[in-house]
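When a residue number appears, it is its place in the shown sequence, counting from 1. Every number for a ligand or one of its atoms is a count from 1 in the order of the listing. Here the structure is a predicted model, which means the values were calculated and not measured.
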Amino acid sequence: DGDVYKYYADGEWKTSSSGKSVSILNPATRQVQYKVQACTQEEVNKIFESAKAAQKLWAKVPLWKRAEALHKAAALLKEHKAPMAECLVKEVAKPAKDAVSEVVRSGDLISYTAEEGVRILSEGKFLVSDSFPGNERNKLCLSSKIPLGVVLAIPPFNYPVNLAVSKISPALIAGNAVVLKPPTQGAVAGLHMVHCFHLAGFPKGLLSCVTGKGSEIGDFLTMHPGVNCISFTGGDTGIAISKKASMVPLQMELGGKDACIVLEDADLDLAAANVVKGGYSYSGQRCTAVKVVLAIESIADELVSKVNAKIAKLTVGLPENNSDITAVVSESSANFIEGLVKDAKEKGATFCQEYRREGNLIWPLLVDHVRPDMRLAWEEPFGPVLPVIRISTAEEGIHHCNANNFALQGCVFTRDINKAILISNAMETGTVQINSAPARGPDHFPFQGLRDSGIGSQGITNSINMMTKVKSTVINLP
Ligand code: G3P
């Protein structure tokens with residue numbers, strides 16, 4: 001157990017010259033589960049050099065061959081799902097079943113990206129000049145999409161495999177190289193995933209995976225002159241990165257405080273089922289989790305009692321046993337959640353269940369009668385704690401949603417489709433789901449946050465486009 005997982009550079013598995021490692025704690029047992037290399041800045045420099053050289057050659061590999069390599073990686077990923085799923089259970093306490101589906105979903109995402117890339121990257125544009133005033137038809141413009149260069153991919157702990165491939169595959173199909181910095185919790189799942197790309201036979205140096213302490217290599221990576229694009233998913237760090245990064249396109253998906261507006265005419269069973277699924281799946285550790293319920297006063301009691309009945313059925317325990325609620329990722333995360341809970345208690349919110357915590361395991365909690373002066377009304381717990389705010393009109397709900405700095409998704413429950421569309425239009429957030437909980441997938445749908453929730457848009461097609469730039473050649477006729 002003194003083993004330290006190697007990092008991946010130049011097509012090889014390597015030990016860092018630092019002689020140091022980073023320990024990964026199992027969130028449930030709070031014991032050291034794995035160790036990874038603490039890479040040095042010099043090693044990062046070397047990785048960017050190789051990536052740049054590999055990218056130049058990769059951009060010349062025919063598109064259909066790049067797609068073929070990705071399809072191979074997708075198949076390998078599905079074939080090797082077991083070791084990755086095991087890491088997701090041990091490193092981030094993801095329930096076993098969800099861990100397997102994350103890997104399968106990732107294989108599908110890679111294949112879809114390869115197919116989509118083949119189609120959209122084969123299209124260019126041809127323009128003639130005489131449509132613009134003052135021009136004759138003597139200029140012919142041919143434009144197509146070319147890669148950006150080296151993409152720095154930084155996925156978060158909650159989907160260390162899926163949100164890594166959602167950055168790697170669009171980058172590679174478009175002819176870019178990728179430097180992956182996996183989250184510390186989830187790094188070993190990430191290394192296994194990279195192994196599948198290794199087995200698929202991508203050129204040496206094209207994809208590398210650097211592990212280490214954020215404090216030592218975090219800024220060094222994001223501010224590295226070798227970076228041509230940053231694709232980041234995570235928390236506040238994203239805002240700091242956006243301030244430091246220079247002149248490179250950014251794709252950022254940060255936090256969310258997705259509101260669930262439930263109107264008088266809603267199907268309350270449907271709403272309750274989605275509040276529970278949306279609020280408590282993976283113990284609320286999803287950017288797209290339902291993070292505040294805004295219920296019209298007249299139906300709030302009935303909704304709350306339906307939600308409570310479902311919460312009572314959630315199982316709490318170990319991810320290995322497929323428990324619905326498992327330990328949150330770290331002690332500091334559990335402490336943060338507890339801070340929000342205490343604040344709501346002190347300010348007079350109603351607890352529908354008893355607050356209970358053992359180590360990093362927090363029992364599911366619905367907090368009713370939350371008011372705007374409570375932190376829980378605005379902040380993102382990233383845990384199994386969900387506030388209910390009672391509202392008297394839909395406008396009040398819309399106002400609450402728009403007053404938050406987070407603006408990822410949101411949802412509205414009503415049987416009146418016209419009302420639903422008007423509310424969706426009024427909610428200033430990246431996506432509004434009608435009669436279902438927020439969700440990123442299916443993975444080819446556009447996925448974006450407004451305000452502090454992000455920059456740019458993801459989803460397979462948008463990510464491919466974002467990781468390219470337009471190049472034109474103009475033929476000037478005599
Ligand atoms: O938290 C990351 C975000 O991408 C959530 O994805 O699939 O759980 O909606 P999903």
Side-chain angles (χ1 to χ4, degrees), residues 27 85 88 91-95 97-110 112-113 153-170 182-183 185-186 189-190 231-238 251-260 274-292 319 324-326 328-330 333 337 379-384 386 406-411 429-434 436-450 452-460 462-463 466:
L88 294 173
E91 285 182 285
V92 300
K94 183 162 283 199
K97 249 199 278 141
D98 298 347
V100 173
S101 47
E102 174 175 344
V103 182
V104 173
R105 172 185 181 180
S106 302
D108 292 336
L109 191 154
I110 299 171
Y112 197 107
T113 307
I154 310 181
F157 82 84
N158 62 349
Y159 288 93
V161 175
N162 186 265
L163 285 172
V165 303
S166 75
K167 301 172 191 310
I168 294 169
S169 29
Q185 305 282 148
S231 179
F232 174 94
T233 306
D236 292 351
T237 321
Q251 185 182 46
M252 298 257 163
E253 194 249 297
L254 313 179
K257 183 73 181 172
D258 294 2
C260 173
N274 277 279
V275 165
V276 174
K277 185 166 162 270
Y280 299 94
S281 297
Y282 188 37
S283 308
Q285 297 174 110
R286 298 164 53 236
C287 345
T288 47
V290 169
K291 300 219 175 84
V292 57
D324 297 313
I325 303 295
T326 56
V328 297
V329 70
S330 64
S333 173
I337 297 163
E379 295 181 44
E380 181 183 27
F382 233 67
L386 182 58
F406 288 124
L408 189 60
Q409 294 208 356
C411 58
T429 179
T431 300
V432 175
Q433 307 265 351
I434 297 172
S436 188
R440 171 168 49 115
D443 289 338
H444 65 306
F445 281 12
F447 180 51
Q448 57 281 319
L450 309 183
D452 284 355
S453 284
I455 301 176
S457 178
Q458 299 178 76
I460 290 171
N462 286 343
S463 291
M466 189 266 166

Legend entry - Identity and separation of the nearest protein heavy atom to atom 6 (O) of ligand 1: Arg440 NE, 2.9 Å
Legend entry - Whether Ser283 side chain and Thr326 backbone form a donor-acceptor pair below 3.5 Å: yes
Legend entry - Validation row: Pro160, Pro155 side chains within 4.5 angstrom (heavy atoms): no
Inset, instruction - Measure the acute angle between the ring planes of Tyr282 and Phe157, then classify it against the limits of 30° and 60° as parallel, tilted or perpendicular. - result: tilted
Legend entry - Main-chain N/O of Val161 paired to Glu102 side chain as donor or acceptor, under 3.5 Å: yes
Inset, instruction - Specify side chain, backbone, both or neither for Glu253, according to which of its non-hydrogen atoms lie closer than 4.0 Å to ligand 1. - result: side chain
Legend entry - Gap separating the CD atom of Gln409 from the OG atom of Ser453, nearest 0.5 angstrom: 10.0 Å
Inset, instruction - Run the numbers on Thr429 and Phe406 for side-chain contact (heavy atoms from CB on, under 4.5 Å), then give the verdict. - result: CA-CA 8 Å; Thr429 179; Phe406 288 124; over 6 Å; no
Inset, instruction - Considering only non-hydrogen protein atoms, determine which one is nearest to atom 3 (C) of ligand 1 and report residue, atom name and distance to 0.1 Å. - result: Cys287 SG, 3.3 Å
Inset, instruction - Tell me which protein heavy atom sits closest to atom 8 (O) of ligand 1, plus the residue, atom name and distance to 0.1 Å. - result: Tyr159 OH, 2.3 Å
Legend entry - Atoms of ligand 1, numbered as shown, that sit under 4.0 Å from any heavy atom of Phe447: 4 (O)
Legend entry - Thr233, any N or O under 3.5 Å of ligand 1 N or O: no
Inset, instruction - Please indicate whether any nitrogen or oxygen in Leu163 is less than 3.5 Å from any nitrogen or oxygen in ligand 1. - result: no
Inset, instruction - Please could you name the atoms of ligand 1 that Arg286 approaches to less than 4.0 Å, counting only its heavy atoms? - result: 1 (O), 8 (O), 9 (O), 10 (P)
Inset, instruction - Could you tell me whether Tyr282 approaches ligand 1 through its side chain, its backbone, both or neither, with non-hydrogen atoms closer than 4.0 Å? - result: neither
Legend entry - Of Thr288, Val292, Thr431, the residue whose pairing with Asp258 passes side-chain contact (heavy atoms from CB on, under 4.5 Å): Thr288
Legend entry - Numbered atoms of ligand 1 (with element) below 4.0 Å of Thr288, judged on heavy atoms: 5 (C), 6 (O), 8 (O), 9 (O), 10 (P)
Legend entry - Tyr159 side chain reached by Lys94 side chain, heavy atoms, under 4.5 Å: yes
Inset, instruction - For ligand 1, indicate whether the residue Arg105 contacts it via side chain, backbone, both or neither (heavy-atom separation under 4.0 Å). - result: side chain
